[in-house]
Participant: 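First the structure, then my questions, so here it is.
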Amino acid sequence: MSKVRIKTLKIDDRDVGAREDQTILEVARDNGIHIPTLCQLDGLTNLGGCRLCLVEIKGSNKLLPSCVTAVEEGMEVSTNTERLQKHRRSIVELFFTERNHVCAVCVSNNNCELQNLAKQVGMTHVHFPYMYPALSVDATHDRFALDHNRCVLCTRCVRVCDEIEGAHTLDVRGRGIEAYIITDLEQVWGESETCTSCGKCVNVCPTGALFEKNKSVAEMKKQTKFLPYLTMMRGARR
Amino acid sequence: MTHEEFIQLGEEQRKKNEQYKHSIDVCVAAACVSMQSDKIKKSIEDEVKKKELGTSCRIRGVGCMGLCAEGPLINIDNGKSLYCNVKEEDAQEIVSAIDKEPVERLKLSADVPFFNRQLKIALEDSCNVDTESLDDYLAQDGYEALFDVLTKMSPGEALQEVVKSGLRGRGGGGYPTGLKWSTVQIAVTDKKYVICNADEGDPGAFMDRAMLESNPHKILEGMAIAGYVVGADQGYIYIRAEYPLAIKRLRNAIKQAERKNLLGNNILGTPFNFGIEIRLGAGAFVCGEETALIASIEGQRGSPRPRPPYPAESGLWEESTLINNVETFANIVPIMKKGGEWFASIGTEKSKGTKVFALAGSIKNTGLIEVPMGISLRDVVFDIGGGILEGRKFKAVQTGGPSGGCIPESHLDMPIDYESLITIGSMMGSGGMIVIDDSSCMVDVAKFFMDFCQSESCGKCVPCRVGTAQMHTILEKITNGSAGMHDFQLLEELCDIVKNTSLCGLGQSAANPILSTIKFFREEYLSHIHDKHCPAGVCKIKKEEEVIS
């Protein structure tokens, strides 16, 4: 067994211990300290893209994403300062302005991670202008559908399709505000030759962007916690 | 090739050069080629053949001479006379005058501030080497520095020269090159890579392009030295596909160097192996960011990833990787030839050596210049650059591309170095310098750069993806007169968010053009908002519209 060193650090003024290969986010969670996240999902590689898990580290003016920042000895981390709260609220607001997130008509209403985040960060209204882009819905697949209006581009679906299912059906095309999720080489989903219809993408999607057809709002509850179990069992079988 | 053969080659070429009584050097870098200098060269060749001067006249296509505004340029007998604005039909006159008095009508004085206030290190021989001939480069001690490093110095000793030189990364950030090299040198990975970042994308910048088009061998030599120092045997040049001429010359140079065993296995009879391959960028600005660049070489989508780990620790295919900009590599050969101390004697305390700038915009002498660090912006713009176009008034100079800022008249006496530029909200950047006159509206300038940032954002992180689009919308509103003070406050707030929470350098610095124009030209913003008036008369504002904010 290879040796792993133990580091001690402070998170929100609490002394905590951690293995050297852990990230700040993992250690915080182990110790019951909550840091909001969106693109991060246990079982997938970390992206550092949603910028909600940013934390402050004493001695540095830079905000660092806790999901990809490794712990260091003597680090003093703050996870919930006023500056962070302000930025997090703004970032969640930016998510809402980017596409057409209308909770009242969404299949994931009350089961939506974006909605929960808005509550968590105390977003009462959006003070940036909405962008109202004209986006399409791809409902060509037999069982699932992709609604670009509700997508937050967290790329959980892209990562699960590539890393866990191994199909790499989904990917991102375009840049910046024009970026969106595609299937294969931008064929419609129903004509995709690589999609195995496993449905993992639907389950990991934090919003109502990916959903199962013929399910009501009450039924559309997603299972996001299966990935670590799945990878563990695969490893055990080998 | 052994050392004897290598020296002999240079000697032979030198002797060949001495046989010629005259030399006619035609600039064949992109700017002059766009004015058909390649055709001019052909006409001169025809003319020389017609007059049977072939044995006494050497005609070369050389690299950038700097004064692109006056191109095409021709240099006769190493500076004896310099012709500007040459046309194809002038060929006969030029060749006829070669033994007599120069053609007055085309002559340009070399004794002007544009030439005599510059100090050329990175561009030193760019206008004096045939762009497509390895032999010509060898005749000017080409690859001599590589040979000396390989045979007389240990990697550690060579590294010390770079450390001593105080050279800092010329791509924008200004990270100490010696430190970067040493971190790759000490890294323990199976393989190591050297990457040359030639994905130059700042609007108005063409330094790297000119360097690669003018003297590609100098960059290859610098990369090979870097490979020896850090222990890499493979190099990549990541160059944007929009630079076809530079790519063509690089390919040619790599092939020539491989044939003469200056690249490949057992270089110059030593145990050192180093190969260089070209990778073409497909036009994404963000691929100039090192982690995005690495992803792109690997064949992935070119989006950046959070650092650390830095490429020195885990870069290309998770191996230790050294990434430097073209200009940084161009400085390596002079440093190895003349020593780190010599290089460190030039420039300011913290910024050593020289910097190449691309002068563009409303300035007389548009072109490429190289000046010692610490020179004032005023000297660059008004002395070397020849000042503003006639009838116009200076307003600002934009440095650092979309990551930089606009510097007004009041700060023109500031010395050019990494720290000074950052303190006033701009940055050195890769060296683009756009001069703006009073006919430009600063809000419109900010909008231009924000348009650039929003379309070049990769879309991976939210603040940059949505924030830049939001900022662009607000600037759009300000320039069409429909914005209120509320929008202006939102703009400032967005700048703060995007700057502090974005993932990579593109987002973190995307707000700089707005922040610096707000800082120095706030009244222009307010005039658009309150008086519905664009002071420069650029923005079309409909006056009658009542604005609710």
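Model, not experiment: these values are computed from the prediction. Numbered from 1 within each chain, the chains take letters A, B, ... in sequence-line order.
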Participant: Under 4.5 Å between any side-chain heavy atoms of B:Val466 and A:Met131, yes or no?
Facilitator: yes
Participant: Hey, is NZ on A:Lys119 packed in by over 12 heavy atoms from elsewhere, all under 6.0 Å?
Facilitator: yes
Participant: Of the backbone (N, CA, C, O) and the side chain (C-beta and beyond), which part of A:Arg88 lies under 4.5 Å from a heavy atom of chain B, both, or neither?
Facilitator: neither
Participant: B:Arg465 and A:Val152: which non-hydrogen atoms are nearest, and at how many Å?
Facilitator: NH2-O, 3.1 Å
Participant: Less than 4.5 Å to any heavy atom of chain A: does that hold for the side chain of B:Thr468, its backbone, both, or neither?
Facilitator: neither
Participant: Near A:Glu178 CD, under 6.0 Å, is it more than 12 heavy atoms from other residues, nucleotides or ligands?
Facilitator: no
Participant: Quick check on B:Glu318: does its CD atom have over 12 non-hydrogen neighbours (other residues, nucleotides or ligands) under 6.0 Å away?
Facilitator: no
Participant: Between A:Ala70, A:Cys39, A:Pro129, which shows the greatest number of heavy-atom pairs under 4.5 Å with chain B?
Facilitator: A:Pro129
Participant: What distance separates A:Phe128 CZ from B:Ile474 CD1, expressed to the nearest 0.5 Å?
Facilitator: 8.0 Å
Participant: Give me the contact list for residues 71-82 of chain A versus chain B, heavy atoms only, anything under 4.5 Å, ordered by residue number.
Facilitator: none
Participant: Pick whichever of A:Cys50, A:Pro65, A:Gly49 has the most heavy-atom pairs under 4.5 Å with chain B.
Facilitator: A:Gly49
Participant: How about residues 51-59 of chain A versus chain B: which residues have heavy atoms under 4.5 Å apart?
Facilitator: A:Arg51, A:Leu54
Participant: Can you tell me which portion of B:Ser455 sits under 4.5 Å from chain A's heavy atoms? Options are side chain, backbone, both or neither.
Facilitator: backbone
Participant: Under a 4.5 Å heavy-atom cut-off, does chain B meet the side chain of A:Val172, its backbone, both or neither?
Facilitator: both
Participant: More than 12 non-hydrogen atoms from neighbouring residues, nucleotides or ligands closer than 6.0 Å to CD on A:Glu193, yes or no?
Facilitator: no
Participant: Between B:Asn500 and A:Leu63, which heavy-atom pair has the shortest distance, and what is it?
Facilitator: O-CD1, 3.7 Å
Participant: Please report the closest heavy-atom contact between A:Ser90 and B:Glu493, naming both atoms and the distance.
Facilitator: OG-OE2, 3.9 Å
Participant: Taking all non-hydrogen atoms of both residues into account, name the closest pair between A:Gly48 and B:Pro306 and its distance.
Facilitator: CA-CG, 4.3 Å
Participant: Against chain B, label A:Leu47 side chain, backbone, both or neither, depending on which of its atoms sit under 4.5 Å from a heavy atom there.
Facilitator: both
Participant: I need the minimum non-hydrogen distance between B:Pro463 and A:Leu94, along with the two atoms involved.
Facilitator: CA-CD1, 4.3 Å
Participant: Looking only at heavy atoms, which two atoms of A:Ala179 and B:Arg301 are closest? And how far apart?
Facilitator: CB-NH2, 4.4 Å
Participant: Applying side-chain contact (heavy atoms from CB on, under 4.5 Å) to B:Asp496 and A:Lys86, what does each step give before you reach the verdict?
Facilitator: CA-CA 11 Å; B:Asp496 180 51; A:Lys86 200 173 133 255; 3.6 Å; yes
